[in-house]
Amino acid sequence: MFDAGEVTLYLPPEIPDDALWSGPPVDASAIGAALGGVRVASLDALGDALAGRRDIATLPAPDAETRSQQSTLLGRPITSAPLAGPDGALADAVIQLRLRHDDAAVAELRLAAEITALAHHAGMRATMPGIRESAVRAAMEAPLTELGCATAYGSIVTVHGEILHNESHHNLLEADDLLLADVGAETPGGWAGDVTRTWPVSGTYSSAQADVYDVVLTAQRHAIAAVRPGARYRDIHMVALRSLAAGLRDLGVLLGDPVERAHDGTAALLFPHGVGHLLGLDVHDMEDLGDRAGYAPGRDRSAEPGLKYLRLDRDLAAGMVVTIEPGIYFVPALIDDPDVRRRTAGRVDWARLDVYRRIRGIRIEDDVLVSATGADVLTAAIPKERNKIETVLARP
Ligand code: GLY
Ligand code: MN
Ligand code: MN
């Protein structure tokens with residue numbers, strides 16, 4: 001609790017059998033000292049400390065049980081977002097603290113990026129036809145575990161990259177599959193990496209795979225080139241969307257003016273999510289506060305197909321870390337929907353699209369620090385050019 005400049009950390013009291021199941025009790029005074037000399041007290045004393053106080057602000061805990069304890073302690077309902085009154089003001093203060101990272105936080109995010117790189121190299125080297133996705137996942141998570149890290153989110157390692165948050169890992173890898181691996185380390189200090197690479201199980205991109213891969217890579221480069229202080233993140237999303245639309249038009253999949261295809265919802269059929277999000281202590285940083293952190297005051301999430309899943313719409317500032325993660329996905333539920341086909345008549349060459357649908361999904365994702373003048377790609381050491389990935393895949 002922060003109260004009139006004093007900080008007190010309330011820790012759950014030890015119960016007798018804790019020593020049996022969890023080892024020796026924690027040294028509360030050592031924790032207080034490690035946090036810079038804060039006072040430490042038993043959680044049992046928090047009720048008394050709060051008695052009669054109506055001026056205390058809090059943030060709702062993510063889990064319902066703790067929220068219910070918060071309600072009991074404060075004598076008022078504590079619900080999740082949207083937050084109002086003192087809770088809203090506290091949320092805004094925390095957001096302002098966490099939106100831009102100081103040197104110590106950036107060092108942690110660089111460490112997360114470095115360890116995430118080890119995972120992706122390990123995954124590329126473990127890939128071969130006939131093994132399961134789970135074997136590649138295990139190879140990727142091994143270096144993280146060895147270095148004392150956790151995964152920053154449920155690893156996505158799949159030959160069905162069109163299922164955006166596919167967390168099953170049972171499929172066998174076939175030689176003509178692309179493997180999409182979205183895996184990131186969480187450092188022991190709690191900071192997240194979030195990287196996606198997509199590579200061919202055979203070791204070499206087929207010509208159709210290369211066509212679509214290069215469209216995604218070009219869009220990702222265009223989007224990263226647009227990152228700088230003052231740039232509006234939604235505009236960076238549109239840079240990626242327009243670039244993807246132009247590439248898909250060049251491949252003959254989209255028809256007509258690519259700028260129109262980016263703006264009329266057609267390109268969003270193949271790129272249905274936003275170009276990225278804030279990254280920090282959480283992978284979708286501060287999203288437990290709803291759009292309050294991701295969207296600047298006065299900006300609301302659009303309902304348009306190309307924008308409704310955009311998690312971030314702020315003007316970038318030096319010290320922010322964002323992901324840039326465009327992709328192309330051939331999602332049967334979207335591209336085979338008769339209504340969708342009617343609505344987009346004349347804007348998609350469906351026969352041409354069929355040439356590429358076996359690709360299923362390609363995403364390329366990097367973690368990008370907004371520097372004083374532009375972008376500093378924290379995850380630049382992880383290969384993403386086709387020839388560089390093929391070189392890693394070819395290693396004995
Ligand atoms: N790993 C989840 C995401 O990229 O947003
Ligand atoms: Mn991400
Ligand atoms: Mn990711």
Side-chain angles (χ1 to χ4, degrees), residues 98 101 109 112-120 123-124 133 136-137 140-141 144 149-169 178-187 190-199 216-217 219-220 223-224 227 233-234 236-237 240-241 244 271-291 293-295 301 307-314 316 320-329 331 360-370 375 377-384:
R98 286 177 55 174
H101 300 297
L109 288 161
E114 244 172 68
I115 298 172
T116 298
L118 299 177
H120 282 263
M124 288 177 197
E133 294 159 336
V136 181
R137 175 192 172 196
M140 296 185 79
E141 293 185 4
L144 311 187
C149 292
T151 51
Y153 48 91
S155 298
I156 299 166
V157 182
T158 182
V159 294
H160 278 281
E162 82 282 11
I163 303 173
L164 296 181
H165 280 173
N166 188 350
E167 289 189 34
S168 65
H169 306 97
L178 283 174
L179 185 70
L180 182 152
D182 184 348
V183 176
E186 180 179 305
T187 66
W191 297 83
D194 182 11
V195 170
T196 308
R197 293 291 184 265
T198 309
W199 60 79
V216 178
L217 185 57
Q220 204 231 13
I224 290 174
V227 169
Y233 193 78
R234 191 180 73 177
I236 294 171
H237 172 81
L241 184 63
L244 290 170
F271 174 45
H273 62 74
V275 79
H277 49 87
L278 293 167
L279 186 71
L281 280 166
D282 205 353
V283 62
H284 296 155
D285 206 28
M286 299 184 280
E287 237 176 50
D288 41 354
L289 297 172
D291 278 343
Y295 277 66
R301 198 183 277 241
L307 290 167
K308 68 179 173 183
Y309 294 119
L310 185 61
R311 298 172 188 273
L312 177 60
D313 185 13
R314 281 187 178 265
L316 298 181
M320 288 169 76
V321 174
V322 298
T323 67
I324 298 290
E325 51 177 305
I328 290 179
Y329 310 90
V331 183
R360 298 179 181 151
I362 294 175
R363 176 164 67 255
I364 305 172
E365 175 175 27
D366 280 305
D367 303 342
V368 179
L369 168 67
V370 184
V377 181
L378 302 179
T379 47
I382 307 174
K384 62 182 174 184

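Ligands are counted one by one from 1 in listed order, and the atoms in each one are counted from 1 as well. Quick caveat, the model's predicted, so the values are computed rather than measured. Just so you know, residue 1 is the first one in the sequence shown, and it goes up from there.
In the model, Tyr153 has no side-chain atom that pairs as donor or acceptor with a side-chain atom of Asp282 under 3.5 Å. A side-chain donor-acceptor contact under 3.5 Å links Ser155 and Glu141.
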Filter the ligand 1-protein atom pairs down to N or O on both sides and distance under 3.5 Å, then list them.
residue  : atom  : partner : partner atom : Å
ligand 1 : 1 (N) : Asp182  : OD1          : 3.3
ligand 1 : 1 (N) : Asp182  : OD2          : 3.0
ligand 1 : 1 (N) : Asp194  : OD1          : 3.1
ligand 1 : 4 (O) : Asp182  : OD2          : 3.4
ligand 1 : 4 (O) : Asp194  : OD1          : 3.4
ligand 1 : 4 (O) : Asp194  : OD2          : 3.2
ligand 1 : 4 (O) : Glu325  : OE1          : 3.0
ligand 1 : 4 (O) : Glu325  : OE2          : 3.4
ligand 1 : 4 (O) : Glu365  : OE1          : 3.3
ligand 1 : 4 (O) : Glu365  : OE2          : 3.1
ligand 1 : 5 (O) : His277  : NE2          : 3.2
ligand 1 : 5 (O) : His284  : NE2          : 2.7

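In this structure, the ring of His277 has its center no less than 6.0 angstrom from the ring center of Tyr233. Between His273 and Tyr329, the distance separating the two ring centers is shorter than 6.0 angstrom.
Put simply, the side chain of Thr116 gets close to the backbone of Ala185: a donor and an acceptor are under 3.5 Å apart. The main-chain N or O of Val275 is found under 3.5 Å from a side-chain atom of His237 such that the two form a donor-acceptor pair.
Checked for salt-bridge contact, Arg197 and Asp366 meet the test: a charged N lies under 4.0 Å from a carboxylate O.
Screening the protein for N, O or S atoms under 2.8 Å from the Mn ion (ligand 2) yields 4; no waters enter the count.
Aromatic ring pairs are classed by plane angle as parallel below 30°, tilted from 30° to 60° and perpendicular above 60°; the pair His165 and His284 is parallel.
Across Gln220 and Ile324, no two heavy atoms sit closer than the pair NE2-O, 3.2 Å.
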